[in-house]
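Have a look at the structure below, then the notes.
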Amino acid sequence: MKLPPSLSSVFSVLLSRHARQGLLVCALAAGLTAGSALSPLPVAGPSIADAIGTGHDANAAQAQPRGIPDLNLPGSPREGQDQAKQQTETATKSEGTTGIPATALDAYKKAERTLSTARPSCHVPWQLVAGIGRVESVHASGYGLRSDGSAAKPIRGPRLDGAQFALIRDTGRGRWDGDTEFDRAIGPMQFIPSTWAAWGADGNGDGVNDPNNIYDAALATGHYLCAGGRDLNRPADLDKAILSYNNSRAYVNAVRDWMRTYQGGTVTATPDDAALATPHHPDPADTRPPAATSPRPVAHAQPRPRPRERDEVSGTPATSVPANPVGATRPERKPAKRPDPAPDRRTGSDHRTVTRLERVGTESLGNRTAGEAFGRRPQVRAFDAHGHLVSGAKVTYSITGTGGAHFAGHATTATVTADSRGVATAPALWAGNRPGRVTVTAALPGERKPDTASFTATVRQAPVATADRLELLGPKLPGGGPQVDINSRFLELPQTRVTAHDKPVPGIRLAATLLTSTGDDKEEKKEANKESTVGPYFKDKHGDPVRTLVLPGTDTDGRLTLPQLFTDEHPGTYTLRLATPEGTTLDIPLTVGERTSSSRATPHLAS
């Protein structure tokens, strides 16, 4: 049975795309042959997404049927080409398959570099962004791509009025698509205006978010694919990301095939005006000739709507590829009135308002003992609602927890300003004297419910210092020790130094004890080395006499200055014993004599 011309064209396209699935093609061909005798193909109107295993983004406006993507796979002949044309493209397969206009290639790679810093956990390869650009618009080929990323002619999808594609009424007052009644997909990456309002980006740094510029559109595509904390190194996340862009399994297959092709071969940067393939129009009603940026002509073939593909795996119908009934004509539509251009092309959102903080590096800052600085300073990135890094943002860091830690000056809060990369770095964090767990929280100051990012740190118990030697500093005293009269005081006592292996030990707290006087008789010797009840004494904080006192810790040089020592009316020879917690001791002899008219109530070291 001879097929009608329209069905023959359908059969030839399917055969070229699925030749490797011989049995499937045979069964499909039989079904088409039988169907041709019964009824024409149905009109593809607005449909619900049919992909398998989609995420919550599959119902977003961006994922709905919004035009005709170019689902030709790498190496496949394009629809509308004669045999000679196909042979020519086969001969130049290397350039046609792996060639990308130089400006588009630069835009894709620049987007990858930016996202590697802005969203390092997402792992966006430029080849994925290029795969979407290839399927959506063949990298803007045929639209007069310029070196600044703009195009001579706009790239627009069909009116989304619900007739053949999704029903999406105007969301941007025609600002980008020139239609104040219904939305259209726009630019080389075919963004829905409402999607662009939320995810638009400035990829070329000119201060404008323009979906018609391939630099801006490529960066926005990467941000959109990373939504929801996806890691595109995971196959499941990659699948969901592409389905959120177009909820069609055939679309996913085409994008992934092009991505793998670019990853597996040497990609050639071709002139922007080179015709790598038949220029593609996502709107089936668009019959404009291609734009050119130089006298060199650009080949053009009339695009025709293709039949709806089927999933290579499940066989379910794919969306976004409408077909008209055999013999049916498309009703004429009056073009929408183009609104006056907006005075400012920037998006209406505030790109200085931070809505999200993202921790830089791991959560743990490590552990330190008292007096040590932590090796890493807390850092966060500040993002606005569109995923742009915000320089100059104010971020407040606060320290809480059971452990003791502080910033410079023993402060527990610090407000810092994000640098040109949107990174806010806290001051150095120091461990305090209290061991335990510390939490450092970064927040937006002044917000009722601020977005936060936190870090953890541990303050360790300081090791117990030990000492093996105590020594007196200064000149050697006559008589072996300080001397003073009764009812007086030692004006100056020698400094003491504590060392371990001849190195000073800071933080050692010595116990000072005054021992009884010694004499020649047996009883006095027996009572020696006991805490004295008379003679020299210290004063406690209330001013009362004490003869045992725990002294403050030694300084960083292991030195200790002894407190003021007083005498009562009991003369004699006494001993001031200094002892470490481990039992290392130093005895200092003290002599208290009778006051005479010629004596001075000063020690030999008095100044």
Side-chain angles (χ1 to χ4, degrees), residues 17-18 20-21 24 48-66 69-76 97-98 100 105 107-109 111-136 139 189-191 195 199 201 217-267 308-321 358 362 387:
R17 294 179 182 172
H18 303 286
R20 62 182 180 275
Q21 302 177 0
L24 177 61
I48 302 299
D50 62 334
I52 299 173
T54 61
H56 66 280
D57 290 328
N59 294 321
Q62 186 66 28
Q64 304 311 305
R66 49 181 166 73
D70 185 352
L71 299 180
N72 286 282
L73 303 181
S76 299
T97 300
T98 60
I100 296 178
L105 181 60
Y108 301 145
K109 291 184 175 181
E112 179 191 62
R113 291 193 299 270
T114 301
L115 292 164
S116 67
T117 300
R119 296 179 179 268
S121 61
C122 184
H123 305 108
V124 183
W126 69 261
Q127 294 92 340
L128 171 60
V129 182
I132 291 178
R134 178 60 173 76
V135 172
E136 293 291 353
H139 313 302
M189 310 303 277
Q190 287 292 278
F191 273 99
T195 307
W199 293 94
L219 180 57
T221 297
H223 280 299
Y224 182 84
L225 294 173
C226 290
R230 296 188 184 104
D231 180 357
L232 301 186
N233 279 344
R234 294 198 292 258
D237 280 5
L238 176 61
D239 196 66
K240 289 179 181 179
I242 302 175
L243 286 169
S244 74
Y245 209 93
N246 188 315
N247 194 16
S248 161
R249 182 57 58 179
Y251 183 91
V252 173
N253 293 339
V255 169
R256 295 186 73 155
D257 274 6
W258 281 107
M259 179 183 72
R260 287 191 292 265
T261 296
Y262 295 140
Q263 289 174 333
T266 301
V267 177
R308 300 180 69 183
E309 292 191 9
R310 289 189 171 270
D311 187 342
E312 295 181 5
V313 177
S314 65
T316 57
T319 60
S320 302
V321 190
E358 181 180 277
T362 60

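Sequence positions, counted from 1, serve as the residue numbers for this chain.
- With a 4.5 Å cut-off on side-chain heavy atoms, R134 and I100 do not count as touching.
- By the 4.0 Å N-to-carboxylate-O rule, K240 lies too far from D237 to be salt-bridged with it.
- Under the rule for a side chain to side chain donor-acceptor pair (under 3.5 Å), R256 has no partner lying at least two apart in sequence or in another chain.
- Checked against side chain to side chain donor-acceptor pair (under 3.5 Å), Q190 has no partners two or more places apart in sequence or in another chain.
- For the residue pair S244 and Y224, the shortest heavy atom distance occurs at O-OH, 2.8 Å.
- Partners of R113 according to the side chain to side chain donor-acceptor pair (under 3.5 Å) rule, which considers only residues two or more places apart in sequence or in another chain, do not exist here.
- L71 and A254 make their closest contact through CD2-CB, 3.9 Å (heavy atoms, listed as atom of the first residue, atom of the second, distance).
- Using cut-offs of 30° and 60° on the angle between ring planes, the pair Y245 and Y251 is parallel.
- In this structure, W126 CH2 and Q263 CD are separated by 8.5 Å, a value rounded to the nearest 0.5 Å.
- Considering all non-hydrogen atoms of both residues, P69 and N246 come closest at CG-ND2, 4.4 Å.
- Between the CG atom in L128 and the CD1 atom in I132 there is a gap of 5.0 Å [rounded to 0.5 Å].
- Summarising the geometry of H139 relative to A130, their closest heavy-atom pair is CE1-O, 3.3 Å, with the distance given to 0.1 Å.
- Taking NE2 of H123 as the reference point, atom CG of N233 lies at 5.0 Å (rounded to 0.5 Å).
- When all heavy atoms of A118 and H223 are compared, the closest pair comes out as CB-CE1, 4.3 Å.
- Scanning all heavy atoms of the two residues, the minimum distance from G131 to Y262 falls at N-CE1, 4.2 Å.
- For Q62, the side chain to side chain donor-acceptor pair (under 3.5 Å) criterion is met by T195, not counting sequence neighbours.
- Separation of atoms CG (L225) and CG (L238) is listed at 8.5 Å; rounding is to 0.5 Å.
- Q127 contributes atom CD, which lies 8.0 Å from atom NZ of K109 (distance to the nearest 0.5 angstrom).
- Contacts of C122 classified as side chain to side chain contact (heavy atoms under 4.5 Å, CB included), with partners at least two apart in sequence or in another chain: R119, V124, C226, L232.
- Residues that satisfy the side chain to side chain contact (heavy atoms under 4.5 Å, CB included) test with A107, not counting sequence neighbours, are I214, Y215, A218.
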Intermediate values then yes/no, side chain to side chain contact (heavy atoms under 4.5 Å, CB included), R249 and D239 = CA-CA 9 Å; R249 182 57 58 179; D239 196 66; 2.7 Å; yes
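- Rounded to the nearest 0.5 angstrom, T261 OG1 and L73 CG are separated by 8.5 Å.
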